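See below for the structure under consideration.
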Number of protein chains: 2
Amino acid sequence: MTATMSDVARLAGVSIKTVSNVVNDYPHISVGTRERVLAAIAELGYVPNSTARSLRSGRSGVIGLAVPELSLAYFAQLADEVIRAARAQNMVVLVEQTGGERERELEVLRGPRLQLTDGLLFSPLGLGNGDAEVARVPYPLVLLGERIFDPGIDHVTMQNVEAAEAAVEHLLGLGRRRIVALGAHQGEVIGSAGLRLTGYRNALASAGIGVDEALVVEEGLWHRRNGADAMRRLLATGVQFDAVFALNDELALGALRVIQESGLRVPDDVAVIGFDDVDEGNYSIPSLSTVDPGRQEIAETAVDLLLTRIEGRAGPEKQQLRTGYRIVPRESTGV
Amino acid sequence: MTATMSDVARLAGVSIKTVSNVVNDYPHISVGTRERVLAAIAELGYVPNSTARSLRSGRSGVIGLAVPELSLAYFAQLADEVIRAARAQNMVVLVEQTGGERERELEVLRGPRLQLTDGLLFSPLGLGNGDAEVARVPYPLVLLGERIFDPGIDHVTMQNVEAAEAAVEHLLGLGRRRIVALGAHQGEVIGSAGLRLTGYRNALASAGIGVDEALVVEEGLWHRRNGADAMRRLLATGVQFDAVFALNDELALGALRVIQESGLRVPDDVAVIGFDDVDEGNYSIPSLSTVDPGRQEIAETAVDLLLTRIEGRAGPEKQQLRTGYRIVPRESTGV
DNA sequence: GTGAAAGCGCTAACAC
DNA sequence: GTGTTAGCGCTTTCAC
């Protein structure tokens, strides 16, 4: 069925090495030879076998991307950007879902499923800082996000603390003082939830406002459903508030819906800001203010860093890269 | 760095073939030998090299999935389901984005980027029925959706016509008569837009209602933004309508927003139904009625069919499989 | 039950 | 400039 290099060589009347040279654009080949080889390639419809090439070169041209799940808009858009960035570098992307569960994340790191990739972009959720050892794997690895923060591992992260601070300052700037933090993870310090909550506390502290723990609402998962549930629980307590900082957009969108069902007006009674800038926020009612965490920049930076490692360029010092962010004011905070 | 089979063989004092036998669970090995080999494997931390294995066996354990883009919720959720289904069969998924452009789709079909996959799940958008030839590729291919409908190619599709009919019947059942079709593709017959529009026309015809072409609104892309734009254009024409059948949920969500901005009430003045059942529809305001196209069933069926082809099981007759659908009534149609 | 050896398709020394 | 040759790490006849 498929023609091999020797088939081409035989037809062109040259050696297999010459074919290889032509295929790999080796510079010193006579024009005549090259043409005969190209003709033979065309005639046989020859396509290099990338598996054999991988075995030989030790590289597959594939990078792995492990995320909690693509159903979460943030990760879908991240995957989109990663695939684009990889494509620009002639790489292809194998996507794994971990469900955010620690066990599955460990499996991805150690298991055989990503064996034929050249390196891994990994966005952990279940793993914590104590798992730094586990993340010292014998292949190129770049972590996305701050669940595991270890100077011995490459990282690309958004500026969670600073960006969250800016989001809360945006609410404070509107005169809001009873600001809910939605989606907190009990006791977490490192990780998106912990860091964004730190930003929340910092902003309130800078404004000389004490944190009312009744306004810090826990929620493990960050789907719309969870935002809705958490908001229902909060409303049921009867506690008063005039703004919500949701730790991501999906939580915000779920909450937005429940707030308005309860008869409260957004932004008049309650201003709402999310985090992530998923496209949906442009079309919700009201449109959702949010933080643009620089997803595209994260993807491009991470792919570049991973390729640097794969190709063995750059020194051994691990990098901790941080991308920019930007507050995006929309109707839900009164614009 | 990495141990090979011969390293293991040397340490265990056996031949490389014996190691291979143990690794592949070949039945007839003496207990003692097996234990010595397993011990050596553990000691060296040996992991089989999957690239070499692929070269030998001709299979990589990777399937390709080509979709327009993951930023569209429908495709993100489809990719999620495909990865799950593949995982259940011990396969891993390489995701490519085509942007829905014909050129890029051709590139995916013929190009070298998916070379090391065992087969391809392909959701075309730019390719049309005239491209059936192109889709007769020398590797296992299963098409998702009906852009190219050729009995010589395996297909897994939703029941676009019937499901669209049911959606429009749902609106008719509410007493609506001036029903907009949003997102039509001029002249398209095969393809989601064409088929869903056929369902729309069928339902109206069955109800004895003529189609007012002023209510058939074109829109090439199916993002929220396009739904919003199209609805703005429609409102500007001043044409009257009491319901909208959007050809997908994202269009519906964009339109929902614009309709309400214009002062019309949903569902009182205008009932809206979409198509796809993306999670977001549960949390929009109002929540969005839609058609559940059986995404999970599509993913599982397609992965199974592709594996059947890869493994050479089943006869040569190509299959055209259709999955179930279900109307999901929510607030935007008055529930 | 286990071993020897060939070869999957390609690349990279090294000759000529 | 081009050919020869030796593997990359594994599976798989075929002997023993």
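Any value given below was found using the heavy atoms of this structure, including those in side chains, with hydrogens, waters and symmetry copies removed. A, B, ... follow the sequence lines: proteins, then strands. Residue 1 opens every chain. Bear in mind the structure is a predicted one, so any value in this text is a computation, not a measurement.
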*N-O pairing of R102(B) and D131(B) below 4.0 Å*: yes

_Going 5' to 3' along DNA chain D, which are the first and last nucleotides with any atom under 4.0 Å from a heavy atom of chain B?_
dG9(D) to dT13(D)

_Are R322(B) and E297(B) packed together at the side-chain level, in the sense that at least one heavy-atom pair is separated by less than 4.5 angstrom?_
no

*asked:* Under a 3.5 Å threshold, yes or no: a donor from one side chain and an acceptor from the other, between E300(A) and Q296(A)?
replied: yes

*With R10(B), which residues qualify under side-chain contact (heavy atoms from CB on, under 4.5 Å), at least two apart?*
S6(B), D7(B)

*Between R104(A) and E107(A), is the closest basic N to carboxylate O distance under 4.0 Å?*
no

_Looking at D150(B) and K318(B), is any side-chain nitrogen of the basic one under 4.0 Å from a carboxylate oxygen of the acidic one?_
no

*In plain terms, say whether E105(B) and R110(B) are close enough for a salt bridge, that is, a side-chain N and a carboxylate O under 4.0 Å apart.*
no

*Treat primed atoms plus P, OP1 and OP2 as sugar-phosphate and everything else as base, then score nucleotides 3-13 of chain C 5' to 3': B for base contact with protein heavy atoms under 4.0 Å, S for sugar-phosphate contact only, - for none.*
BB-BBBBBBBB

